[in-house]
Amino acid sequence: MDFSVIVESFPLYFSGLWTTTWLVGLSLIIGLMVAIPLAIARNSQHGIIWVPAWGYIYFFRGTPLLVQLYLIYYGMDQFFPVKDTWWENAWFCALVAFILNTSAYTAEIVRGAINGLDKGELEAAKAYGMTPWLTYRRIILPSALRRALPAYSNEVIFMIHGSAVAGIVTIMDLTGVARLVNSRHYAPFESFLTAGLFYMGLTFIVIACFKQAEKRYLAYLAPRQ
């Protein structure tokens with residue numbers, strides 16, 4: 001094992017780590033903003049509202065992220081011109097694919113948390129005379145988002161690992177850097193092992209952050225001694 005290849009390429013890997021972090025982080029933030037109204041629409045009793053939401057979730061959960069990225073990266077110009085625009089950038093296509101994918105999975109997580117809400121909380125809100133909108137804002141969503149933390153942590157980890165497909169469309173994320181290092185030094189083991197260690201480190205940081213968040217926001221659910 002040639003450690004000099006790893007040491008020499010460290011600046012590239014840290015650059016790839018930054019690209020992976022901001023790409024995944026931004027897609028998760030925007031994806032969560034899309035997922036919440038999508039989950040509410042999915043729970044609607046009106047077909048005109050829940051059917052499109054169901055179709056969206058079903059499609060993006062039922063197809064691989066790589067296929068979605070290819071459809072956006074290679075097929076977007078079939079619908080409107082993207083040449084010589086910032087829409088043509090690989091990072092933008094990857095960001096759109098990640099947002100669409102994570103919003104579908106997160107919507108199902110939030111929907112499940114909403115449906116698992118204690119009925120007593122809803123009855124108490126009605127007893128206080130809260131409107132449906134106020135009930136969602138003050139009771140349902142805060143409680144559901146707290147309860148969704150364990151499942152959502154898995155989605156964040158899956159997105160970190162799934163973001164490796166971005167390297168296929170010329171983005172210099174961790175996987176893209178590993179491919180570059182391998183092409184320069186012909187050292188596949190060292191190149192991809194280093195990328196794997198960076199992914200592992202990033203995953204452990206995310207797990208630690210969610211553990212702290214669960215301790216803080218789900219303390220009231222812990223069994224009393």
A.B. asks: I need the Thr19 OG1 to Leu174 CG distance, nearest 0.5 Å.
C.D. replies: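 Atom-to-atom, Thr19:OG1 and Leu174:CG are 8.0 Å apart.
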A.B. asks: Going from CG on Leu28 to OG on Ser163, what distance comes out if it is rounded to the nearest 0.5 angstrom?
C.D. replies: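 Separation between the atoms: 9.5 Å.
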A.B. asks: Please report the interatomic distance OG1(Thr20) to CE(Met159), rounded to the nearest 0.5 Å.
C.D. replies: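 The CE atom of Met159 is 10.5 Å from OG1 of Thr20, to the nearest 0.5 Å.
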A.B. asks: State, to 0.1 Å, how close Ala90 and Ile171 come at their nearest heavy-atom pair, and which atoms those are.
C.D. replies: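 That would be O-CD1, 3.5 Å.
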A.B. asks: Are side-chain heavy atoms of Asp173 and Leu23 found at a separation under 4.5 Å?
C.D. replies: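 SC-SC contact between Asp173 and Leu23 ruled out.
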A.B. asks: Count the heavy atoms belonging to other residues, nucleotides or ligands that lie under 6.0 Å from CZ of Arg137, then report whether that count exceeds 12.
C.D. replies: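 Check passes, neighbour count above 12.
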A.B. asks: Looking at every heavy atom in both Ser191 and Val181, which two are closest together, and how far apart are they?
C.D. replies: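 Heavy atoms only, the tightest pair is OG-CG1, 3.4 Å.
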A.B. asks: Heavy atoms only: give me the nearest Ile57-Ala104 pair and the separation to one decimal.
C.D. replies: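 Smallest heavy-atom distance, with atoms named: CG2-O, 3.8 Å.
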A.B. asks: Taking Asn89 for its side chain and Phe92 for its backbone only, find out whether a donor-acceptor pair lies under 3.5 Å.
C.D. replies: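 Not confirmed, Asn89 side chain does not pair with Phe92 backbone.
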A.B. asks: Heavy atoms only: give me the nearest Arg42-Trp54 pair and the separation to one decimal.
C.D. replies: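 Scanning both residues, the minimum pair turns out to be NH2-CD1, 3.4 Å.
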A.B. asks: Side chains of Ile205 and Phe210: does their closest heavy-atom pair fall under 4.5 Å?
C.D. replies: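 The answer is no, as the side chains (C-beta and beyond) never meet within the 4.5 Å cut-off.
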A.B. asks: How close do Ser103 and Ala35 get, heavy atom to heavy atom, and via which atoms?
C.D. replies: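 In this case the closest contact between Ser103 and Ala35 is O-CB, 3.4 Å.
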A.B. asks: Enter the distance from Asn182:CG to Thr194:OG1 here, rounded to the nearest 0.5 Å.
C.D. replies: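 It comes to 11.0 Å.
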A.B. asks: Checking Leu32 against Tyr152 for the side-chain contact (heavy atoms from CB on, under 4.5 Å) test, could you report, in this order, the C-alpha distance in whole Å, the side-chain angles of both residues, the deciding distance, and whether it holds?
C.D. replies: CA-CA 10 Å; Leu32 181 60; Tyr152 186 61; 4.3 Å; yes
A.B. asks: Any idea which heavy atoms bring Ala97 and Leu65 closest together, and the distance?
C.D. replies: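 Taking every non-hydrogen atom into account, O-CD1, 3.9 Å.
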A.B. asks: Taking the side chain from Ser9 and the backbone from Leu12, do they hold a donor-acceptor pair closer than 3.5 Å?
C.D. replies: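 The answer is no, because no donor-acceptor pair under 3.5 Å joins these two groups.
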A.B. asks: Kindly write out the residues that satisfy side-chain hydrogen bond (donor to acceptor under 3.5 Å, both in side chains) with Glu108, not counting sequence neighbours, or none if the list is empty.
C.D. replies: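 With neighbours one apart ignored, the set is Arg111.
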A.B. asks: Apply the test side-chain contact (heavy atoms from CB on, under 4.5 Å) to residues Thr170 and Tyr73: give CA-CA distance (whole Å), side-chain angles for both, the deciding distance (0.1 Å), then the verdict.
C.D. replies: CA-CA 11 Å; Thr170 72; Tyr73 185 67; 4.2 Å; yes
A.B. asks: Please confirm whether the backbone N or O of Ile40 pairs with a side-chain atom of Ser44, one donor and one acceptor, at under 3.5 Å?
C.D. replies: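 No; zero donor-acceptor contacts below 3.5 Å.
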A.B. asks: Using side-chain hydrogen bond (donor to acceptor under 3.5 Å, both in side chains) as the criterion, list what pairs up with Tyr136, not counting sequence neighbours.
C.D. replies: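 By the side-chain hydrogen bond (donor to acceptor under 3.5 Å, both in side chains) rule, Tyr136 matches no residue at all.
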A.B. asks: Using only atom types and a distance under 3.5 Å, with no angle test, would you say the side chain of Thr106 pairs donor to acceptor with the backbone of Thr102?
C.D. replies: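 A pair under 3.5 Å: yes.
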A.B. asks: Distance check, rounded to the nearest 0.5 Å: Lys126 atom NZ versus Thr131 atom OG1?
C.D. replies: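 Going from the NZ atom of Lys126 to the OG1 atom of Thr131 covers 12.5 Å.
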A.B. asks: Please tell me if the side chains of Ile36 and Leu145 come closer than 4.5 Å, counting only heavy atoms from C-beta onward.
C.D. replies: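 Yes - at least one pair of side-chain heavy atoms lies under 4.5 Å apart.
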A.B. asks: What class does the angle between the rings of Tyr13 and Phe198 fall in, given that below 30° is parallel, 30 to 60° is tilted and above 60° is perpendicular?
C.D. replies: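 Tyr13 and Phe198: parallel rings.
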A.B. asks: Donor-acceptor pair, Ser27 side chain versus Ile99 backbone, under 3.5 Å?
C.D. replies: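 Not a single qualifying donor-acceptor pair exists.
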A.B. asks: Report, as yes or no, whether the 6.0 Å neighbourhood of atom CH2 on Trp22 holds more than 12 heavy atoms from other residues, nucleotides or ligands.
C.D. replies: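 Buried by this count: over 12 neighbours within 6.0 Å.
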A.B. asks: To the nearest 0.5 Å, tell me how far Leu202 CG sits from Ile160 CD1.
C.D. replies: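 Leu202 atom CG to Ile160 atom CD1 measures 4.0 Å (nearest 0.5 Å).
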A.B. asks: Under a 4.5 Å cut-off applied to non-hydrogen side-chain atoms, are Ile168 and Leu66 in contact?
C.D. replies: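 They are in side-chain contact.
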A.B. asks: Within the side chain of Thr63, is there an N or O that forms a donor-acceptor pair under 3.5 Å with the backbone of Phe59?
C.D. replies: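 Yes, Thr63 side chain to Phe59 backbone: donor-acceptor pair under 3.5 Å.
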A.B. asks: Going by the rule ring-ring contact (aromatic ring centres under 6.0 Å, His included), which residues pair with Phe60 if we only count those two or more places apart in sequence or in a different chain?
C.D. replies: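 Per chain and number, Phe60 pairs via ring-ring contact (aromatic ring centres under 6.0 Å, His included) with Tyr56.
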